[in-house]
Amino acid sequence: MAEYTSLEKIRLQKIEQLRLEGVDPYPTRAERTHTNLEAITAFEKAGESAGSELKVTLAGRIRGVRPMGKVSFAHIEDGSGRMQLFFRMNEIGQEQVDKFNKLYDLGDFIQASGILFRTKTGEITLHVRDFKLLAKAVSQLPAAKDETLPDGSVLRHAALEDSELRARQRYADLAVNPEVRETFRIRAATFKAIREFLEEKGFLEVETPVLQPLYGGAAARPFITHHNELEQDMYLRISFELYLKRLLVGNLEKVYEIGRDFRNEGVSYKHNPEFTQLEFYWAYADYLQVMELTEQMISFTAGRVLGSQKIKYQANEIDFSPPWKRLELRTGIRETSGVDIADHPTSESLQKAIVKTGKKPDPKATRGKLIDYLLSEFLEPTLIQPTFLYDYPRDISPLAKSKPDDPMTVERFEAYVAGFELCNAFTELNDPLDQEQRFLEMGRDYAEEDAERHPLDEDYLRAMRYGMPPNGGFGMGMDRLVMLFTNQHSIREVLLFPALRKEGSVGQNRTGNK
RNA sequence: GGGCGCGUAGCUCAACGGCAGAGCAGUGGCCUUUUAAGCCAUUGGUUGAGAGUUCGAAUCUCUCCGCGCUCACCA
């Protein structure tokens, strides 16, 4: 049972009062002839005098009220923007003006009909002849007040800023912070543009299982769940890779999937336990072709969504125009750390070389993990403009194909932007015997208790034995792309409902909702 | 999980060992073109929870809850 604050109790009394007066505080239907933006556009298009003949019915949420005795001003906000309302005793009677002032509150949804006009100060305004409550708000929105300065800019006062409250109560955040709504519009537009690009290139969108009997395709710990009737444990997928590549065996030549991956790992500003991934696989292509498609896809998407190849991200301006810089991983590491990984074919030797630089890597790390360590310690922070790092060590890439002239190196690239990894791609391994060998190597190289070691997927090998065309594959965290496009530092800002600990018991913390 | 920091009214924030405050929101009043409308009056708090130190705790200590930054793991 909810306990109400004193402010809420006052509003509940208003609801009772409205009911006594025969007003339904939650009527079933609304009427609306124009959005606020449509009404303003129609007024401007018709011209000042003709525009004044326009009779419209608008609907929205009350965001500001300025009662002045026998007249009242208010602003309502709908999905398109704001509109000022003007209530005047002469037209609707003192009783109606009083009712609006006393029984209606900030946050209530109303509809209002009347004609449009321009006030002394120049604002297009609805001169209200009739209005109706659409939904009464019991709780006060954590609303900011906006001040329009003489130069036209908007100064916000006391906006809702508490990041925890904003994430837990995203509905309130969205209701009062328009820029948050904009972030999610950009997110949706990004997804749409990516799909448009891939469809145009002939890729088929598919859906593969989220619940899997065996997980794979990435190095991560899975979430485990249980199916009661089948009496077996299931895993939430950590990647789509092994299922999508099975489809290439089935002669689907270009497939992609956009969906949720789940990784039971740490949470940070760039990691959420569930995140949205794009993967595509392209038969008869190699990683160089995928590289070209990648820079085309991202620059196309930036153009579609933001109207520009250049974005401002944090302190940097980033230019997605192709071609992107290409840098061999070995060269990049050598130039930034002074360590040439080719000089150190064993983990012991490489370990010593890294320690000489003053860093302290995990003494038990494999050679591949040490290379990854060098990459993130020295090279990654320097990669601000879009850069393809290519040619990775085989032992950290168990699903990628070796270079024909160098069995210890695989045809793999990762694109880095603004100092973090955006995507990962390779020429896919399609030799079932080699693949089986790699799975077995993974089992040996990683300690038994290492939760990231790859389980051997027999069905995947069975599929590959039927013959898999040579192909290039690609994976990208969509959330990270949206972070770049919306200039957000934290993944939580681009997720509507990011993962949070459950709220404490009632009253245990300040966001405990009563 | 480790380290550092934060949590005060519905929102944004003061007070930092000595009477818990301000602005906005709310409530009552005045006000017929205002726009953070204005003016007058006024309500609102177990200072995240619990324990301890002290004559006295929002303030110092400890435990717990939640969040942020960071390290480790990962996309």
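A quick note: this is a predicted structure, and the numbers were derived from the prediction, not measured. The sequence lines fix the lettering, A, B, ..., with proteins before strands; numbering per chain opens at 1.
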Classify A/Gly477 by what it touches in the nucleic acid, base, sugar-phosphate, or nothing, heavy-atom distance under 4.0 Å.
nothing
Answer for the Watson-Crick or wobble partner of B/rG44, both distances under 3.5 Å, is none
Separation of the C1' atoms in B/rU8 and B/rA58, to the nearest angstrom
6 Å
As a test of reading the structure: which of B/rC73, B/rU12, B/rU32 is closest to the side chain of A/Val71, going by heavy atoms?
B/rU32
Hey, is the side chain of A/Arg492 poking within less than 4.0 Å of OP1 or OP2 on B/rC69, counting only N and O atoms?
yes
Base, sugar-phosphate, or nothing: which does A/Ala167 touch, judged by heavy atoms less than 4.0 Å apart?
nothing
Correct closest heavy-atom pair for A/Ala425 and A/Gly473 would be CB-O, 3.0 Å
How far, in whole Å, is B/rU53 from B/rA41 if one measures between their P atoms?
45 Å
Given B/rA37, B/rG10, B/rU27, identify the nucleotide with an atom nearest to the side chain of A/Arg66.
B/rA37
Looking at A/Glu95, I'd like to know if its CD atom is crowded, meaning that more than 12 non-hydrogen atoms belonging to other residues, nucleotides or ligands lie closer than 6.0 Å.
no
Taking the inter-plane angle between the rings of A/Phe100 and A/Phe87 on a 0 to 90° scale, is it parallel (under 30°), tilted (30 to 60°) or perpendicular (over 60°)?
parallel
For A/Glu421, report the nucleic acid contact type (base, sugar-phosphate, nothing); a contact means any heavy atom under 4.0 Å.
sugar-phosphate
Taken to the nearest whole Å, CG/A/Leu141 to P/B/rA25 is 14 Å
Pairing nucleotide - B/rC55, Watson-Crick or G-U, each distance under 3.5 Å:
B/rG18
Base, sugar-phosphate or nothing for A/Phe86? Non-hydrogen atoms, less than 4.0 Å.
base
In whole Å, measure the gap between the C1' atoms of B/rA22 and B/rU42 for me.
15 Å
Between A/Val267 and A/His489, who's closer to the 5' end of RNA chain B by nearest nucleotide?
A/His489
Nearest whole angstrom, please: distance from the C1' of B/rG10 to the CG of A/Leu165.
10 Å
Look at the side chain of A/Lys120 and decide which nucleotide, out of B/rG26, B/rU34, B/rG66, has an atom nearest to it.
B/rU34
Counting N and O atoms only, with roles assigned by atom type, does the side chain of A/Asn316 sit under 3.5 Å from a partner on the main chain of A/Ile318, one being a donor and the other an acceptor?
no
List the protein contact pattern of nucleotides 38-45 of chain B with one symbol per nucleotide (5' to 3'): B for base contact, S for sugar-phosphate-only contact, - for none; contact means a heavy-atom distance under 4.0 Å.
--------
Is it true that the side chains of A/Asn101 and A/Ser72 contain a donor and an acceptor less than 3.5 Å apart?
yes
Salt bridge or not between A/Glu77 and A/Arg181? Use side-chain N to carboxylate O under 4.0 Å.
yes
Sugar-phosphate only, base, or nothing, as touched by A/Lys102 at under 4.0 Å among non-hydrogen atoms
sugar-phosphate
Rounded to whole Å, the CG-P distance (A/Leu12 to B/rU27) equals 13 Å
Hey, does A/Leu500 reach any base, or is it just sugar-phosphate, or nothing, if we go heavy atoms under 4.0 Å?
sugar-phosphate
Under 3.5 Å on both distances, the Watson-Crick or G-U partner of B/rA25:
none
So A/Lys14, base contact, sugar-phosphate only, or nothing? Heavy-atom distance under 4.0 Å.
sugar-phosphate
Counterpart base for B/rU34, defined by Watson-Crick or G-U wobble contacts under 3.5 Å:
none
Give one of base, sugar-phosphate or nothing for A/Phe117, where a contact means two heavy atoms less than 4.0 Å apart.
base
Distance, P atom - from B/rG5 to B/rA9, rounded to whole angstrom:
23 Å
Can a donor-acceptor pair be found, under 3.5 Å and without considering hydrogens, that links the side chain of A/Glu279 to the backbone of A/Glu257?
no
More than 12 heavy atoms of other groups within 6.0 Å of A/Glu21 CD
yes
Atom-to-atom span, NE2 of A/His75 to P of B/rA25 - whole angstrom
15 Å
For the side chain of A/Arg501, starting at C-beta, report the closest nucleotide among B/rC67, B/rC73, B/rU34.
B/rC67
Just the rounded figure in Å: distance from P of B/rG26 to NZ of A/Lys136.
11 Å
Tell me whether the OP1 or OP2 atom of B/rC73 has a side-chain N or O from A/Arg263 closer than 4.0 Å.
no
Classify A/Asp372 by what it touches in the nucleic acid, base, sugar-phosphate, or nothing, heavy-atom distance under 4.0 Å.
nothing
Rounded to whole Å, the CD-C1' distance (A/Gln169 to B/rC11) equals 12 Å
Regarding the side chain of A/Thr119, the nearest nucleotide among B/rU32, B/rC69, B/rU33 is B/rU33
Could you measure between the two C1' atoms, the one in B/rG1 and the one in B/rC60, and give it in whole Å?
29 Å
Classify A/Glu123 by what it touches in the nucleic acid, base, sugar-phosphate, or nothing, heavy-atom distance under 4.0 Å.
base
Quick one: look up who B/rG66 pairs with, Watson-Crick or G-U, both distances under 3.5 Å, and put none if it's unpaired.
B/rC6
A/Arg168 side chain: which of B/rC67, B/rC31, B/rC11 is closest?
B/rC67
When you match A/Arg118 and A/Val65 each to their closest nucleotide on RNA chain B, which lands nearer the 5' end?
A/Arg118
Say whether A/Tyr104 and A/Lys14, considering side chains only, have a donor N or O and an acceptor N or O under 3.5 Å apart.
no
Answer yes or no: is there a donor N or O on one side and an acceptor on the other, between the side chain of A/Thr427 and the main chain of A/Lys401, under 3.5 Å?
no
What's the gap between B/rG56 and B/rG17 when it is taken at their C1' atoms, as a whole Å value?
8 Å
Aromatic ring proximity, centroids under 6.0 angstrom, A/Phe280 and A/Tyr256
no
Over all atoms of both residues, closest heavy-atom pair of A/Phe275 and A/Arg263:
CZ-NE, 3.7 Å
Give me the distance, rounded to whole Å, that separates B/rU33 from B/rA15 when you measure between the P atoms they each carry.
42 Å
Any base atoms under 4.0 Å from A/Ser163, or only sugar-phosphate, or nothing? Heavy atoms, all strands.
sugar-phosphate
Would you call A/Arg166 and A/Glu161 a salt bridge, using N to O less than 4.0 angstrom?
no
Atom NE2 of A/His157 to atom P of B/rC11: distance rounded to whole Å?
19 Å
Give, ordered by number, those residues of residues 88-100 of chain A having at least one heavy-atom distance below 4.0 Å to an atom of RNA chain B; if nothing qualifies, reply none.
A/Arg88, A/Met89, A/Asn90
Inter-nucleotide P distance (B/rC11, B/rU47), Å rounded
16 Å
Looking for any heavy atom pair under 4.0 Å, which part of the strands does A/Leu106 touch: base, sugar-phosphate only, or nothing?
sugar-phosphate
Length of the line joining A/Glu161:CD and B/rU8:C1', which is rounded to integer Å:
17 Å
Indicate yes or no: does A/Asp105 engage A/Lys136 in a salt bridge with an N to O separation below 4.0 Å.
yes
